[in-house]
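Report on the following structure.
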Amino acid sequence: MFSRLVFGLGLLSATALVHPALAADARTLQIIVSKDKQSLAVYDGTEVVATSKVSTGKDGHTTPSGIFSVLEKQKYHESNLYSAAPMPFMQRLTWSGIALHESNSVPRYPASHGCVRMPSAFAKMLYGMTDRGVPVIISDGELVPQPIDHPTLFHPDAPAAMPLLSDVELRPSMPDSPEKPVQVAMNDTAAMPMPAAQPIATPEPEPPSEPISMLITRRTLRETVIDIQTLLNQLGFSAGNPDGLLGPSTVQAIKTFKTLRPAEFDADRSLVSDTLLREVYAAAGKGEPPNGVIMVRQAFKPIFEAPVTIADPGLALGTHFFTLHAVDEKAGAADWLGITLENNLSRETMKRLGITNQESSIITGKPTTRSLSRITIPDETRRKIDALIAPGSTLTISDTGLGRETGEGTDFITITRG
């Protein structure tokens, strides 16, 4: 998810500003679109490296707000929704039809059928700057990424210190006083010949790892069923493959488990419930079941997922997005940037998720750190992720789960306003 500017400054329109260092160095970038200002800004860290006016969706064709990434790029593309309308230098954000692209009509007010239109020269330049996977944030208001340091965020493992001496044994030495023998550490070289001098090999630098994308969200029925299937299988019940689906094997295993515990399920008439989850966890010796999940993808493909715990579940987490701008492997340090998007949970969604209070502030700072502080990630999961992160890795925190746009060939797409 590294990005490089390969076009010269002669391509720029009067609406664009580009940092000269981009011509020489690859950067980790993110794109932020403001629908209120009808503007687009490209950030390298906290620094704006390119800007342009845009036109987003007009009434009846509103551009969705949320967290996206570039899924596909085509220098020339024709719309399959609107009479093969040309969409040069197209950068797809959703498989349902939202994209960044060039247009000869960018009046700096909403005018498109949902896409983000850009002036010709800027669209061509931006196409040269980006790779697939570059994050794109579309928001009602202006957002600016801010540095954030929080213990919940991930960082690379610092390399273990090498021992000062190895393969040594203590041998007597000449003491200062005959009454006090002294022992010193020495390598045993008598038993083996001294090796011939060898040239010092310079280790080959390791290629940068592929960044990962992560989502922390509330558990849904799917994650609950996967847990139940996994644990019932461990307890000797035949619950089938842990796929989150309530197939015949899973249903039969649940019914058998309940039959063996009639007192606990006498008043519980639903097939899957909080009571069932707690009882299965208790039977497996796993303690209290978690209420959250972290999902990890790499190169648009799922890698793994693991349970997490969210404190104060009646309070909305909000929608937050973090990008890993740089890492220091030797120091085990990571430079994260964060933004908070406006939260727009409907009453129906809040009721379904058990949320009684939602935070709607779009100010980066306290809402962001409060949400991070409410999340507990098991040590084993944290170590696994610490070993995977690389510059360009991202983390989304959201109440609303995977969402309808997240699927095969995408990162985690979060829609905050449709």
For residues 297-324, which residue pairs qualify under salt bridge (Lys or Arg N to Asp or Glu O under 4.0 Å), counting only residues two or more places apart or in two chains?
Arg222-Glu305

Side chain to side chain contact (heavy atoms under 4.5 Å, CB included) test vs Val116 passes for just one of Ile98, Val54, Val106, Val136, namely Val54

Please determine which of His101, Glu102, Met118 meets the side chain to side chain contact (heavy atoms under 4.5 Å, CB included) test together with Leu126.
Met118

Quick one: [atom1] on [X] to [atom2] on [Y], what's the gap to the nearest 0.5 Å?
{"X": "Phe304", "Y": "Ile212", "atom1": "CZ", "atom2": "CD1", "value": "7.0 Å"}
{"X": "Asp243", "Y": "Leu246", "atom1": "CG", "atom2": "CG", "value": "9.0 Å"}
{"X": "Gln234", "Y": "Gln229", "atom1": "CD", "atom2": "CD", "value": "12.5 Å"}
{"X": "Tyr281", "Y": "Leu276", "atom1": "OH", "atom2": "CG", "value": "11.5 Å"}
{"X": "Ile228", "Y": "Glu279", "atom1": "CD1", "atom2": "CD", "value": "11.5 Å"}

Check for a donor-acceptor pair, side chain of [X] on one end and backbone N or O of [Y] on the other, with a separation under 3.5 Å.
{"X": "Thr394", "Y": "Phe322", "answer": "no"}
{"X": "Glu142", "Y": "Val33", "answer": "no"}
{"X": "Thr63", "Y": "Gly114", "answer": "yes"}

Classify the side-chain pair [X]/[Y] by whether it contains a donor and acceptor separated by less than 3.5 Å.
{"X": "Thr416", "Y": "Glu342", "result": "no"}
{"X": "Thr256", "Y": "Gln252", "result": "yes"}
{"X": "Ser398", "Y": "Thr396", "result": "no"}
{"X": "Thr319", "Y": "Asn343", "result": "yes"}
{"X": "Thr368", "Y": "Thr340", "result": "yes"}
{"X": "Asn344", "Y": "Arg417", "result": "yes"}
{"X": "Thr410", "Y": "Glu405", "result": "no"}
{"X": "Thr381", "Y": "Asp379", "result": "no"}

Would the number of heavy atoms belonging to other residues, nucleotides or ligands and lying under 6.0 Å from CG of Asp328 be above 12?
yes

Which pair of heavy atoms, one from Gly45 and one from Pro145, lies closest together, and at what distance?
O-CG, 3.6 Å

Over all heavy atoms of both residues, which pair between Lys53 and Pro119 is shortest? Give the atoms and the distance, please.
O-CD, 3.4 Å

Show the atom names and distances, to 0.1 Å, of all donor-acceptor pairs under 3.5 Å that link a side chain in residues 382-390 to residues at least two apart or in another chain.
unit_1, atom_1, unit_2, atom_2, d
Arg382, NH1, Thr152, O, 3.2
Arg382, NH2, Thr152, O, 3.1
Asp386, OD1, His155, N, 3.2

Side chain to side chain contact (heavy atoms under 4.5 Å, CB included) between Ile216 and Val293, worked out:
CA-CA 6 Å; Ile216 293 177; Val293 62; over 6 Å; no

Does the Lys NZ or Arg CZ of Lys73 fall within the cation-pi geometry relative to Tyr127 - under 6.0 Å from the ring centre and within 45° of the axis?
yes

Residues in side-chain contact (heavy atoms from CB on, under 4.5 Å) contact with Thr62, at least two apart in sequence or another chain:
Lys35

